[in-house]
Amino acid sequence: MLAIFDLDGVIVTTDEYHYQAWKSIAEKNGMTFDRELNHKLRGVSRRESLEIILAHNSRSFAEEEILKMLEEKNGRYVELLENLTPSDILPGVNELLGSLESAGWLKAIGSSSKNATAILKKLGLFDRFDTVVDGNHISNSKPDPEVFLLGAEKLSQNPDTCIVFEDAQAGIEAALAAGMTAVGVGDLKLDNCTVQYRTLEGVTVSDLLRLNLKGAIN
Ligand code: BG6
Ligand code: MG
């Protein structure tokens, strides 16, 4: 069995840092950006996120300016990530990883972020995963299933033995398109997942086995 975790919003809340970084770039370039729009960027690649912000503001820029904005956004975001510590790991994550390890499950990260490795190292979690697949390894971002299929392939697992944990609708769709069981995490309502937990606190391996074996809709 393989548990594949999205990173941002499932393992750690980096939302606020993405929000601050995008807001400063948007405002510098005469565009508006708010928290509602920030939610729409969950699971979406950096480039596609900027395209969503441009469309929202009905603006277009030359490719050179777009590349400059992407670089600046990431520079600001990486600066903010300096504040991350293991205390930013979301509730229940360490405990669930521990019980998956005891039960002999494989564990992977399937993230759209190109900063995934740096974030996991800052959290002290990098070595807890059997593989990390992120925005540097894929050509198509969620809702395309590539990131999850690549994780399963790297660990020689069939998709029907994989459970994906996701906080974004695009990620739930990606998991389903990969033929995997999709578990929603977080407060935002997610459609089409087998079950949604507000946090991973108290989630056990037995809960997961029940989902996967029965394909239960709770
Ligand atoms: C995802 C986040 O994990 O990574 C998105 O949910 C973000 O909000 C995407 O845009 C890309 O992240 P990065 O770190 O490569 O800019
Ligand atoms: Mg996410």
Side-chain angles (χ1 to χ4, degrees), residues 3-26 33-56 66-84 88-90 93 108-123 125-126 129 132-148 150-151 163-176 180 182-191 193 196-200:
I4 309 182
F5 294 85
D6 172 48
L7 177 66
D8 296 306
V10 172
I11 299 284
V12 61
T13 298
T14 42
D15 263 33
E16 181 61 26
Y17 299 148
H18 278 298
Y19 170 75
Q20 286 181 26
W22 278 129
K23 193 168 171 65
S24 70
I25 300 309
F33 186 74
D34 57 23
R35 288 181 191 275
E36 202 187 323
L37 189 54
N38 193 48
H39 282 316
K40 298 200 174 124
L41 310 183
R42 280 172 189 258
V44 176
S45 73
R46 197 180 309 161
R47 171 85 196 211
E48 286 166 305
S49 296
L50 181 54
E51 280 160 11
I52 291 171
I53 297 168
L54 296 182
H56 177 82
I66 287 183
L67 295 178
K68 195 169 148 237
M69 280 186 230
L70 291 173
E71 200 184 314
E72 275 184 34
K73 187 271 171 176
N74 195 52
R76 180 76 191 115
Y77 179 59
V78 168
E79 253 172 48
L80 291 166
L81 288 179
E82 278 304 309
N83 301 319
L84 272 189
D88 293 302
I89 297 171
L90 283 166
V93 168
I109 290 287
S111 167
S112 304
S113 173
K114 293 186 172 170
N115 293 298
T117 294
I119 293 172
L120 287 166
K121 286 191 171 158
K122 272 209 132 284
L123 299 176
L125 286 180
F126 185 75
F129 294 93
V132 173
V133 182
D134 66 28
N136 298 296
H137 309 121
I138 53 168
S139 334
N140 306 295
S141 67
K142 301 167 187 175
D144 190 283
E146 185 179 0
V147 70
F148 297 137
L150 192 56
I163 296 183
V164 171
F165 295 86
E166 258 294 347
D167 70 314
Q169 193 60 46
I172 297 290
E173 301 309 331
L176 295 175
M180 299 176 179
V183 171
V185 182
D187 292 329
L188 290 187
K189 189 187 173 310
L190 297 167
D191 296 324
C193 45
Q196 179 167 356
Y197 300 114
R198 209 174 60 75
T199 77
L200 291 176

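Both counts, for ligands and for their atoms, begin at 1 and track the order of listing.
- At least one N or O atom of S113, backbone or side chain, sits closer than 3.5 Å to an N or O atom of ligand 1.
- Between D88 and N83, the side chains place no donor N or O within less than 3.5 Å of an acceptor N or O (distance only, hydrogens not considered).
- Of all atoms in ligand 1, listed by their number and element, those nearer than 4.0 Å to a heavy atom of Y77 are 14 (O).
- The aromatic ring centroids of Y17 and Y77 lie 6.0 Å or more from each other.
- Around the Mg ion (ligand 2), the angle linking D6 (OD2) with D167 (OD1) is 90°, rounded to 10 degrees.
- Among the atoms of D8, some N or O lies under 3.5 angstrom from an N or O of ligand 1.
- Every N/O-N/O distance between R42 and ligand 1 stays at or above 3.5 Å.
- Between F33 and W22, the angle of the ring planes lies from 30° to 60°, which puts this pair in the tilted group.
- At a 4.0 Å cut-off, at least one heavy atom of V44 sits close enough to ligand 1 to count as contact.
- With a heavy-atom cut-off of 4.0 Å, H18 touches ligand 1 through its side chain alone.
- Remark: ligand 1 atoms within the under-4.0 Å shell around heavy atoms of S49 are 10 (O).
- Nearest protein heavy-atom neighbour of atom 8 (O) of ligand 1: L41 O, 3.0 Å.
- Taking only nitrogen or oxygen atoms, main chain and side chain alike, N115 reaches within less than 3.5 Å of ligand 1.
- For ligand 1, the atoms sitting less than 4.0 Å from at least one non-hydrogen atom of G43 are 2 (C), 5 (C), 6 (O), numbered in the order shown with element in parentheses.
- Close contacts between ligand 1 and R46 involve ligand atoms 11 (C), 13 (P), 15 (O), 16 (O) [criterion: under 4.0 Å to a heavy atom].
- Within ligand 1, counting atoms from 1 as listed, the ones closer than 4.0 Å to a heavy atom of K114 are 13 (P), 14 (O), 15 (O).
- Distances from the Mg ion (ligand 2) to the N/O/S atoms of D8 are shortest for O.
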